[in-house]
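Throughout, residue positions are numbered sequentially from 1 according to the sequence presented.
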Amino acid sequence: MNFPVFISTYLEEALTKAGFASVDALSQIKASSDSKFGDYQFNGSMGLAKEAKVSPRKVAEKIVEFFALPDVLEPVEIAGPGFLNLRIKPQWLAEKIQEMAADPRLGVLKPDKVKTFVIDFSSPNVAKPMHVGHLRSTILGDSLARTLRFFGHTVITDNHLGDWGTQFGIILHGYKNMLDEKAFQNEPVKELARLYVEVRKLFKTPEEIAKGVIDPVQNACRDETAKMHKGDQTNLELWRKFMPVCLGEIDLVYQRLGVRFDHTYGESFYQPFLNKVVQDLSASGLARESEGALAIFLTEDATPALIRKSDGAFTYMTTDLATIQYRVEQWKPDAILYVVDSRQSLHFSQLFQIAQQWLGQQTRLEHISFGSVLGADRKPIKTRSGDAVASLDQLLDEAVRLAKEVYQAAYHQEGETQSKESLEDLNRVGDVVGIGAVKYADLCQNRTSDYVFNWEKMMAMEGNTATYMQYAYARNRSIFRKGELNPDNYRNALIPVLLDTVEERALALQLFRFEEALTLALVDYKPSLITSYLWDVAKAYSVFFQNCPVLKAPNEGIRQSRLLLCDLTARVLKQGLELLGISVLEKM
């Protein structure tokens with residue numbers, strides 16, 4: 001249940017009866033930061049007081065006259081200048097926890113109207129290994145897809161690969177002029193990546209270009225791209241030669257991350273449509289010639305959006321417009337979400353404006369932007385610099401290695417021998433904990449902010465980390481193993497829930513907020529709100545675990561109730577982590 005949504009209906013009725021203008025009560029209901037102020041607060045009295053020209057406290061008193069839910073809430077308290085403190089009755093909360101435990105969806109309701117979302121995320125350039133810069137787009141997009149699907153929406157994921165753009169011109173030039181044939185035969189993707197970096201090093205700087213210095217290498221790369229776009233057989237044959245090995249390398253990374261796509265339509269898929277797009281834009285009057293190129297001027301003083309260069313090559317803008325047209329016609333989505341870093345904001349602002357003017361469609365287009373992953377020098381990590389941590393595959397290898405070290409240290413401390421079974425456990429833990437740590441460390445950040453990549457914080461056993469969440473889950477499951485109990489017995493049987501201690505009630509309240517947390521995470525597409533919620537659940541469970549004996553509870557009724565709370569906690573943690581694309585372990 002989403003309690004703010006539930007209670008807002010009754011609050012709005014009370015406001016109407018009290019003679020106040022209709023307000024959006026839901027936006028004024030917030031979870032209390034301190035339990036002494038209740039479970040939730042209504043903060044709308046201040047705004048209403050200005051309109052009514054009376055004190056906020058008078059407004060609050062008037063609302064309370066008409067607002068009472070004796071089965072749900074304790075008597076409403078007026079605090080400070082006019083805040084309404086709302087405290088849920090323990091018995092009503094206990095009943096909702098009991099219902100939640102019996103529900104496979106953990107109390108999360110499906111929407112009245114199911115929508116269709118297309119999510120465009122990851123989108124690496126095929127001719128280069130995936131790097132840490134692709135991490136945020138990949139796992140953010142995957143988490144949003146998982147969460148929207150969990151709510152019941154239709155989600156279509158599309159990996160819009162960069163398999164036809166300027167980077168191939170760079171690779172082609174490098175292949176023809178700098179190739180190490182033996183290196184290419186042994187490790188083709190690594191050699192192509194080396195060529196990309198080496199060619200980029202030969203480019204003139206932006207400052208030199210601004211001074212009129214000619215850049216023969218960059219011009220040669222552009223020529224190679226244009227030739228490929230025009231159907232040059234040599235370049236097309238090389239492109240077909242590069243693609244399978246590059247795609248194979250990328251797919252291995254996705255398998256490790258547990259990320260899948262419904263479609264992988266790269267830029268090359270849309271190549272046959274581009275001439276028609278340009279013709280349509282010209283015919284509609286949106287595009288006009290400018291210095292031998294075709295461009296769209298949204299305003300006279302705005303930076304023009306090129307759709308065809310003077311050499312005849314098409315641009316990212318042309319391809320992205322063709323992509324929107326295809327998606328709208330084929331999938332008829334309510335929204336298309338682009339999970340792409342904030343440095344592309346201008347491009348998407350122009351793209352969305354042009355698409356709206358050209359197609360006139362009602363599909364909502366949103367840029368889900370995010371900040372950069374920074375190195376220790378607080379600068380974005382880039383592949384073109386050849387930075388060692390840039391390779392995403394290498395980064396995952398390092399995460400797995402560190403996770404194994406932590407696990408092995410724990411093994412030796414407990415005096416265990418390294419049997420075949422323990423080595424299998426080691427590999428499993430390394431994958432689940434290591435990759436989970438990388439994902440969680442990224443997803444727990446506000447997506448619009450930059451963050452510094454830090455191994456020590458990422459792998460910490462304490463604090464808001466995946467490792468801590470996974471350990472909390474495993475510790476929870478150990479209770480049932482120790483008691484030789486089947487957790488399923490606490491999911492369908494209507495076991496009375498007892499919330500007689502502060503710790504039991506606090507844990508129950510956090511569990512009750514599951515749907516509310518997921519809903520808030522989707523409002524601004526921020527998985528970090530899910531990680532914050534899981535952290536609150538884990539902290540509440542830790543306090544409960546320390547103060548409320550479970551297997552040795554005072555009596556059988558309390559024992560059964562606490563076992564139900566334990567199992568529900570584990571299910572919420574597991575489901576929440578699954579929405580982040582993170583697995584759990586039954587033992588750690």
A.B. asks: Check for a donor-acceptor pair, side chain of Asp524 on one end and backbone N or O of Lys526 on the other, with a separation under 3.5 Å.
C.D. replies: no
A.B. asks: Can a donor-acceptor pair be found, under 3.5 Å and without considering hydrogens, that links the side chain of Ser137 to the backbone of Val340?
C.D. replies: no
A.B. asks: Closest approach of Thr501 and Cys548, non-hydrogen atoms and distance?
C.D. replies: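 Smallest interatomic distance, heavy atoms only, reads OG1-SG, 3.7 Å.
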A.B. asks: Can a cation-pi geometry be assigned to Arg477 and Tyr473, taking NZ or CZ under 6.0 Å from the six-membered ring centre and within 45° of the ring axis?
C.D. replies: yes
A.B. asks: Quick check: do Leu148 and Leu522 have side-chain heavy atoms less than 4.5 Å from each other?
C.D. replies: yes
A.B. asks: Excluding sequence neighbours, so at least two apart, what forms side chain to side chain contact (heavy atoms under 4.5 Å, CB included) with Ser542?
C.D. replies: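 Listed in chain order: Tyr468, Arg475, Gln546.
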A.B. asks: To the nearest 0.5 Å, what is the distance between CE on Met317 and CD on Gln350?
C.D. replies: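 Separation between the atoms: 4.5 Å.
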A.B. asks: Do Asn159 and Tyr254 pass the side chain to side chain donor-acceptor pair (under 3.5 Å) test, and can you show the C-alpha distance, the side-chain angles, and the key distance before you say yes or no?
C.D. replies: CA-CA 11 Å; Asn159 191 5; Tyr254 289 136; 2.9 Å; yes
A.B. asks: Quick one: do Asp39 and Arg505 satisfy salt bridge (Lys or Arg N to Asp or Glu O under 4.0 Å)? Show the steps, please.
C.D. replies: CA-CA 11 Å; Asp39 302 322; Arg505 188 186 186 283; 2.7 Å; yes
A.B. asks: Is it true that a side-chain atom of Arg447 and a backbone atom of Leu140 form a donor plus acceptor pair closer than 3.5 Å?
C.D. replies: no
A.B. asks: With the threshold set at 4.0 Å, does a side-chain nitrogen-carboxylate oxygen contact exist between Asp334 and Arg364?
C.D. replies: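 Looking at Arg364 together with Asp334, the answer is no, because their closest N to O distance does not fall below 4.0 Å.
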A.B. asks: Are the side chains of Leu321 and Thr323 in touch, meaning some heavy atoms are under 4.5 Å apart?
C.D. replies: no
A.B. asks: Which pair of heavy atoms, one from Asp142 and one from Gly258, lies closest together, and at what distance?
C.D. replies: OD2-O, 4.4 Å
A.B. asks: Applying side-chain contact (heavy atoms from CB on, under 4.5 Å) to Leu577 and Leu534, what does each step give before you reach the verdict?
C.D. replies: CA-CA 8 Å; Leu577 288 170; Leu534 294 177; 4.0 Å; yes
A.B. asks: Looking at Arg562 and Glu504, does any basic side-chain N land under 4.0 Å from a carboxylate oxygen?
C.D. replies: yes
A.B. asks: Is the shortest side-chain N to carboxylate O distance from Arg343 to Asp341 below 4.0 Å?
C.D. replies: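 Result for this pair is yes, salt bridge flagged.
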A.B. asks: Is the ring pair Phe514/Tyr533 parallel, tilted or perpendicular, if the boundaries are 30 and 60 degrees?
C.D. replies: tilted
A.B. asks: Could you tell me whether Tyr471 atom OH has more than 12 heavy atoms of other residues or ligands within 6.0 Å of it?
C.D. replies: no
A.B. asks: Could you tell me how the ring of Phe453 sits relative to the ring of Trp455: parallel (under 30°), tilted (30 to 60°) or perpendicular (over 60°)?
C.D. replies: perpendicular
A.B. asks: For the residue pair Tyr338 and Phe121, is the inter-centroid distance of their aromatic rings smaller than 6.0 Å?
C.D. replies: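 No - the distance between ring centres of Tyr338 and Phe121 does not fall below the 6.0 Å cut-off.
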A.B. asks: Output yes when a side-chain donor or acceptor of Arg136 lies under 3.5 Å from a complementary backbone atom of Val373, and no otherwise.
C.D. replies: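 Flag not set: sc Arg136 to bb Val373 has no pair under 3.5 Å.
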A.B. asks: Looking at Asp34, I want to see if its CG is surrounded by more than 12 non-hydrogen atoms of other residues, nucleotides or ligands under 6.0 Å.
C.D. replies: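 Yes - once you tally the heavy atoms of other residues, nucleotides and ligands closer than 6.0 Å, there are more than 12.
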A.B. asks: Should we count NZ of Lys115 as having more than 12 external heavy atoms under 6.0 Å?
C.D. replies: no
A.B. asks: For the side chain of Thr531 and the backbone of Ser528, is there at least one donor-acceptor N/O pair under 3.5 Å apart?
C.D. replies: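 Checking the backbone N and O of Ser528 against the side chain of Thr531, a donor-acceptor pair under 3.5 Å is found.
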A.B. asks: So, Arg491 side chain and Ala102 main chain: donor-acceptor pair closer than 3.5 Å or not?
C.D. replies: no
A.B. asks: Nearest 0.5 Å please: distance from the CZ atom of Arg149 over to the CZ atom of Arg146.
C.D. replies: 9.0 Å
A.B. asks: Run the side-chain contact (heavy atoms from CB on, under 4.5 Å) test on Ile368 and Glu366 for me, step by step, so that the C-alpha distance in whole Å, both residues' side-chain angles and the decisive distance to 0.1 Å come before the verdict.
C.D. replies: CA-CA 6 Å; Ile368 312 302; Glu366 293 191 59; 4.1 Å; yes
A.B. asks: Of all the heavy-atom pairs spanning Gly436 and Ala466, show the shortest one and how long it is.
C.D. replies: O-CB, 3.3 Å
A.B. asks: Enter the distance from Asp567:CG to Asn489:CG here, rounded to the nearest 0.5 Å.
C.D. replies: 9.5 Å
A.B. asks: Please confirm whether the backbone N or O of Leu579 pairs with a side-chain atom of Ser143, one donor and one acceptor, at under 3.5 Å?
C.D. replies: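 Yes, because the side chain of Ser143 sits within donor-acceptor range (under 3.5 Å) of the backbone of Leu579.
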A.B. asks: Ignoring hydrogens and angles, state whether a donor on the side chain of Glu556 or Gln560 is under 3.5 Å from an acceptor on the partner side chain.
C.D. replies: yes
A.B. asks: Surrounding OH of Tyr451 (heavy atoms of other residues, nucleotides or ligands, distance under 6.0 Å), is the total greater than 12?
C.D. replies: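 Yes - once you tally the heavy atoms of other residues, nucleotides and ligands closer than 6.0 Å, there are more than 12.
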A.B. asks: Out of curiosity, Gln28 CD to Asn43 CG, how far, rounded to the nearest 0.5 Å?
C.D. replies: 6.5 Å
A.B. asks: Is the backbone N or O of His134 less than 3.5 Å from a side-chain atom of Thr138, with the two atoms forming a donor-acceptor pair by type?
C.D. replies: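 Yes; at least one donor-acceptor contact below 3.5 Å.
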A.B. asks: State plainly whether the residues Lys457 and Asp442 are in salt-bridge range, i.e. N to O under 4.0 Å.
C.D. replies: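 No, Lys457 and Asp442 are not salt-bridged.
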A.B. asks: To the nearest 0.5 angstrom, please state how far the OG1 atom of Thr569 sits from the NZ atom of Lys574.
C.D. replies: 14.5 Å
A.B. asks: Do side-chain atoms of Arg571 reach the backbone of Ala101 as a donor and acceptor pair under 3.5 angstrom?
C.D. replies: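 Answer holds: yes.
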A.B. asks: Verify side-chain contact (heavy atoms from CB on, under 4.5 Å) between Leu109 and Phe151, making sure each step is shown before the conclusion.
C.D. replies: CA-CA 7 Å; Leu109 300 175; Phe151 267 99; over 6 Å; no
A.B. asks: Are Phe370 and Gln445 side-chain neighbours, meaning at least one heavy-atom pair lies under 4.5 Å?
C.D. replies: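 The answer is no; the side chains never approach within 4.5 Å.
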A.B. asks: Take a 6.0 Å sphere around CD of Gln362 and say whether it holds more than 12 heavy atoms from other residues, nucleotides or ligands.
C.D. replies: no
A.B. asks: Show the numbers, then the answer: is there a ring-ring contact (aromatic ring centres under 6.0 Å, His included) between Tyr541 and Trp535?
C.D. replies: CA-CA 10 Å; Tyr541 178 72; Trp535 175 224; over 10 Å; no
A.B. asks: Minimum heavy-atom separation for Thr448 and Ser369, please, with both atom names.
C.D. replies: CG2-O, 4.3 Å
A.B. asks: Hey, would you say the Phe83 and Phe42 ring centroids sit under 6.0 Å apart?
C.D. replies: no
A.B. asks: Give the intermediate values and the outcome of side-chain contact (heavy atoms from CB on, under 4.5 Å) for residues Leu365 and Ile324.
C.D. replies: CA-CA 9 Å; Leu365 304 172; Ile324 290 175; 4.1 Å; yes
A.B. asks: If we only count heavy atoms from C-beta on, is the His367 to Ser345 side-chain gap below 4.5 Å?
C.D. replies: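 SC-SC contact between His367 and Ser345 confirmed.
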A.B. asks: Between Arg327 and Asp120, which heavy-atom pair has the shortest distance, and what is it?
C.D. replies: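 Taking every non-hydrogen atom into account, NH2-OD2, 2.9 Å.
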A.B. asks: Name the one of Thr467, Asn464, Thr465 that satisfies side-chain hydrogen bond (donor to acceptor under 3.5 Å, both in side chains) with Tyr440?
C.D. replies: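 Exactly one pass, corresponding to Asn464.
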A.B. asks: Using residues 63-74 as the side-chain source, report each donor-acceptor pair under 3.5 Å to any protein atom, sequence neighbours left out, with the distance given to one decimal.
C.D. replies:
none

A.B. asks: Could you go step by step and tell me if Phe117 and His153 meet the ring-ring contact (aromatic ring centres under 6.0 Å, His included) rule?
C.D. replies: CA-CA 8 Å; Phe117 291 84; His153 294 296; 5.4 Å; yes
A.B. asks: Apply the test salt bridge (Lys or Arg N to Asp or Glu O under 4.0 Å) to residues Arg513 and Asp536: give CA-CA distance (whole Å), side-chain angles for both, the deciding distance (0.1 Å), then the verdict.
C.D. replies: CA-CA 10 Å; Arg513 288 174 169 164; Asp536 288 339; over 6 Å; no
A.B. asks: Please round to the nearest 0.5 Å and tell me the distance separating atom CG of Leu11 and atom OG1 of Thr16.
C.D. replies: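 So the gap between those two atoms works out to 10.5 Å.
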A.B. asks: If you compare all heavy atoms of Pro496 against all heavy atoms of Ser561, which two are closest, and at what distance to 0.1 Å?
C.D. replies: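 Answer, listing the atom of Pro496 first, then Ser561: O-CB, 3.6 Å.
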A.B. asks: Would you check if the side chain of Gln41 reaches a backbone N or O of Lys30 as a donor-acceptor pair within less than 3.5 Å?
C.D. replies: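 A pair under 3.5 Å: no.
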